[in-house]
Amino acid sequence: MSERRTRPWQWGGGILLEQHKDPILSQELVQFIQEDQVRVIPELRPWDDISEIGPEEIIQVARLARIVDERDGVPLFRKLRRCMGRQPSVLVDALDEEPYISSQLGPMIHLQKECAGGLLLACKAVEASDSAILVYQGITDLDVKIPRSVGGVPVQRVWGKYPSELLSAQSLVEENGHITLYIGTCALIHLYRAVYGARIQTTAFLTVAGNCISRPCNMEVALDTTATEILDFCGLEEQPTRVVVGGSITGESVADTDIVPVKAVTRAILAFREDERDKKFQCIGCDRCVEACPMGLNPMLLYKSIAMSLHDRVQALDYKMCVGCMCCSYVCPAKLDIAGRIAWYRKKQKEVRRT
C-alpha cells in the first residue's frame, strides 16, 4: 500500500498529547456481560468456512446483526454495500489518539483472531485491493508490544498531531480514482462473531479510566449499561468532580451517570477529581489556542466575540469551520472552555435558523 493512502493526517496546527495508555492496554479485556445479554440471529446459521459465504451474504449478516461502526456511528452493512465491487483499500482504525483511550487498539491486540477474521470478511464483501491496520505512532508509554501484523495484515504506525483522527473521519475517501474505506476495529470483531456465531451486536468496547478509578481497564460491556453501573463495577477511589463520556478531549461531561447508557459509539467513561480553583483565571492573550487550532481559526477572538454578542465578528471569524477537536481548551493555561463556548454558539445559531 502506498504511503500516500495511509497518511491523510498531514495538517497544520494540532498538538502532541500525552497518551497514558498503560497499565490499561497491557491488561486483558474485562467482560461485563450477562448471559441473557448475548443474543443470536434466529433465522441465521453460523458459517464454518469463509469460502462458503459470498459478498452479498456478508453484507446481509452485518445488517441482521445490527453492527454499527464505532468510529462514525454508521451501520456497517451500509458502508460495505456502498463499496461493493469497487475494490477499495480497507484501512482499520485502531488509532485511539486521545489520552487514556485504547478501546480500539486494545481489542485489536487482545482479540487478534476476531479482528483479522472480520477484516478478511469485510475485504471479501467489497473485493478489496489491499488492507492495513492503522496505529498511532505517538504512543510510547507501553509495556505491551504492538504487533507488526495481525493475521497476516500489516500494522502501520501513522504519525501526526492530534486531531489527526478527527480530521480524517470520513468513512470513504476517493482520490485519483482510488477508494479507501475506513472501518473501526470493534465493528470487524462484531462482524466475525456475526458470521461465525450468528451473534447480534449487543455489546461495545470502551475504556474506563481517570484518577478516581480503582481498577482502570478496557471493557466489553452490554449496550445500554449505565455509566453508574460501570463506575460501580470498576470502583471509585474518591468521588469525581467530572465524569466524561466519549473521548477524553472530545467527550461530554455528564452530571447524572444514572441516565447515561453505553451506545455502540461510546469510546470511554472517564472519572476525574479536579481542583475547581484552577478554573477561575482570565485569558492572558498567549495565543496558544491560535497556534494549536488545526483549522487556522482564532479561538481567542471567537471566545471573546461570542461573550460580547458581536455576531458579525463571529461570522467573519469563520466559526462554522470549528471541528470541535478541543485543542484550544486543552492548551489554554487559563483553562477556559473555549471550545465549549464555540460549540454552544453553533448550537444556538442552528436553533435560531430552525425558528
Can a donor-acceptor pair be found, under 3.5 Å and without considering hydrogens, that links the side chain of [X] to the backbone of [Y]?
{"X": "K21", "Y": "P99", "result": "no"}
{"X": "H190", "Y": "R199", "result": "no"}
{"X": "H20", "Y": "G210", "result": "no"}
{"X": "D69", "Y": "V74", "result": "no"}
{"X": "E98", "Y": "S248", "result": "yes"}

For this session: Show your working on side chain to side chain donor-acceptor pair (under 3.5 Å) between R193 and Q201 and close with a plain yes or no.
Result: CA-CA 9 Å; R193 293 173 175 178; Q201 181 184 350; over 6 Å; no
How long is the span from the [atom1] atom in [X] to the [atom2] atom in [Y], to the nearest 0.5 Å?
{"X": "C83", "Y": "I183", "atom1": "SG", "atom2": "CD1", "result": "8.0 Å"}
{"X": "L64", "Y": "L44", "atom1": "CG", "atom2": "CG", "result": "6.5 Å"}
{"X": "D93", "Y": "C186", "atom1": "CG", "atom2": "SG", "result": "9.5 Å"}
{"X": "T203", "Y": "I200", "atom1": "OG1", "atom2": "CD1", "result": "11.5 Å"}
{"X": "L172", "Y": "R82", "atom1": "CG", "atom2": "CZ", "result": "4.5 Å"}
{"X": "Q87", "Y": "D130", "atom1": "CD", "atom2": "CG", "result": "10.5 Å"}

Counting heavy atoms not belonging to [X], are there more than 12 under 6.0 Å from its [atom1]?
{"X": "R346", "atom1": "CZ", "result": "yes"}
{"X": "R353", "atom1": "CZ", "result": "yes"}
{"X": "E351", "atom1": "CD", "result": "yes"}

N/O donor-acceptor pairs under 3.5 Å from side chains in residues 52-60, not counting sequence neighbours:
| from | atom 1 | to | atom 2 | distance (Å) |
| --- | --- | --- | --- | --- |
| E56 | OE1 | R81 | NH1 | 3.4 |
| E56 | OE2 | R81 | NH1 | 3.2 |
| E56 | OE2 | R81 | NH2 | 3.2 |
| E57 | OE1 | G54 | N | 2.8 |
| Q60 | OE1 | R63 | NE | 3.2 |

Exercise. Apart from L111 itself, what residues make up its hydrophobic cluster when side-chain heavy atoms of I, L, V, M, F, W and Y under 4.5 Å apart count as a link, directly or indirectly?
Worked result: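 L29, I189, F205, all in the cluster of L111.
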Are [X] and [Y] side-chain neighbours, meaning at least one heavy-atom pair lies under 4.5 Å?
{"X": "I109", "Y": "P147", "answer": "yes"}
{"X": "E174", "Y": "R86", "answer": "yes"}
{"X": "Q137", "Y": "V158", "answer": "no"}
{"X": "K161", "Y": "L16", "answer": "yes"}
{"X": "E97", "Y": "L17", "answer": "no"}
{"X": "Y192", "Y": "K113", "answer": "yes"}
{"X": "I269", "Y": "M219", "answer": "no"}
{"X": "P299", "Y": "V290", "answer": "yes"}

Exercise. Taking it one step at a time, do T180 and E175 satisfy side chain to side chain donor-acceptor pair (under 3.5 Å)?
Worked result: CA-CA 8 Å; T180 302; E175 184 180 10; over 6 Å; no
Problem set entry | side chain to side chain donor-acceptor pair (under 3.5 Å) partner of R267, the single match among T207, D96, T250 | D96
For this session: Could you please spell out the steps behind the side chain to side chain donor-acceptor pair (under 3.5 Å) verdict for Q37 and T202?
Result: CA-CA 7 Å; Q37 293 171 323; T202 58; over 6 Å; no
Looking at [X] and [Y], what are the two nearest heavy atoms and their distance?
{"X": "H178", "Y": "S129", "result": "CE1-OG, 3.6 Å"}
{"X": "A194", "Y": "V61", "result": "CB-CG1, 3.6 Å"}
{"X": "C293", "Y": "L297", "result": "SG-N, 3.3 Å"}
{"X": "S253", "Y": "R242", "result": "OG-CD, 3.2 Å"}
{"X": "S214", "Y": "E237", "result": "OG-CG, 3.3 Å"}
{"X": "P240", "Y": "R273", "result": "C-NH1, 4.5 Å"}

Check for me, please, whether [X] and [Y] land in the same ILVMFWY cluster - side-chain distances under 4.5 Å, paths through other members count.
{"X": "V262", "Y": "V245", "result": "yes"}
{"X": "V265", "Y": "V221", "result": "no"}
{"X": "L95", "Y": "Y182", "result": "yes"}
{"X": "L121", "Y": "V90", "result": "yes"}
{"X": "L206", "Y": "I24", "result": "no"}

Exercise. Are S103 and N218 linked by a side-chain donor-acceptor pair shorter than 3.5 Å?
Worked result: no
Anything under 3.5 Å between a donor and an acceptor, one on a side chain of residues 228-236, the other on a protein residue two or more places apart or in another chain? List them.
| from | atom 1 | to | atom 2 | distance (Å) |
| --- | --- | --- | --- | --- |
| T228 | OG1 | T257 | O | 3.2 |
| T228 | OG1 | T257 | OG1 | 2.5 |
| T228 | OG1 | D258 | N | 3.1 |
| T228 | OG1 | D258 | OD1 | 2.6 |
| E229 | OE1 | T226 | N | 2.9 |
| E229 | OE1 | T226 | OG1 | 3.2 |

What side-chain donor-acceptor pairs closer than 3.5 Å can you find for residues 306-332, not counting sequence neighbours?
| from | atom 1 | to | atom 2 | distance (Å) |
| --- | --- | --- | --- | --- |
| H311 | ND1 | Y345 | OH | 2.9 |
| S329 | OG | I338 | N | 3.1 |
| S329 | OG | A339 | N | 2.9 |

Problem set entry | Test log, rule side chain to side chain contact (heavy atoms under 4.5 Å, CB included), inputs V92 and M108 | CA-CA 10 Å; V92 182; M108 186 274 287; 5.9 Å; no
For this session: Tell me, please, which residues at least two apart from T185 pass side chain to side chain donor-acceptor pair (under 3.5 Å).
Result: none
For this session: For D224, check salt bridge (Lys or Arg N to Asp or Glu O under 4.0 Å) against everything at least two apart and list the hits.
Result: K263
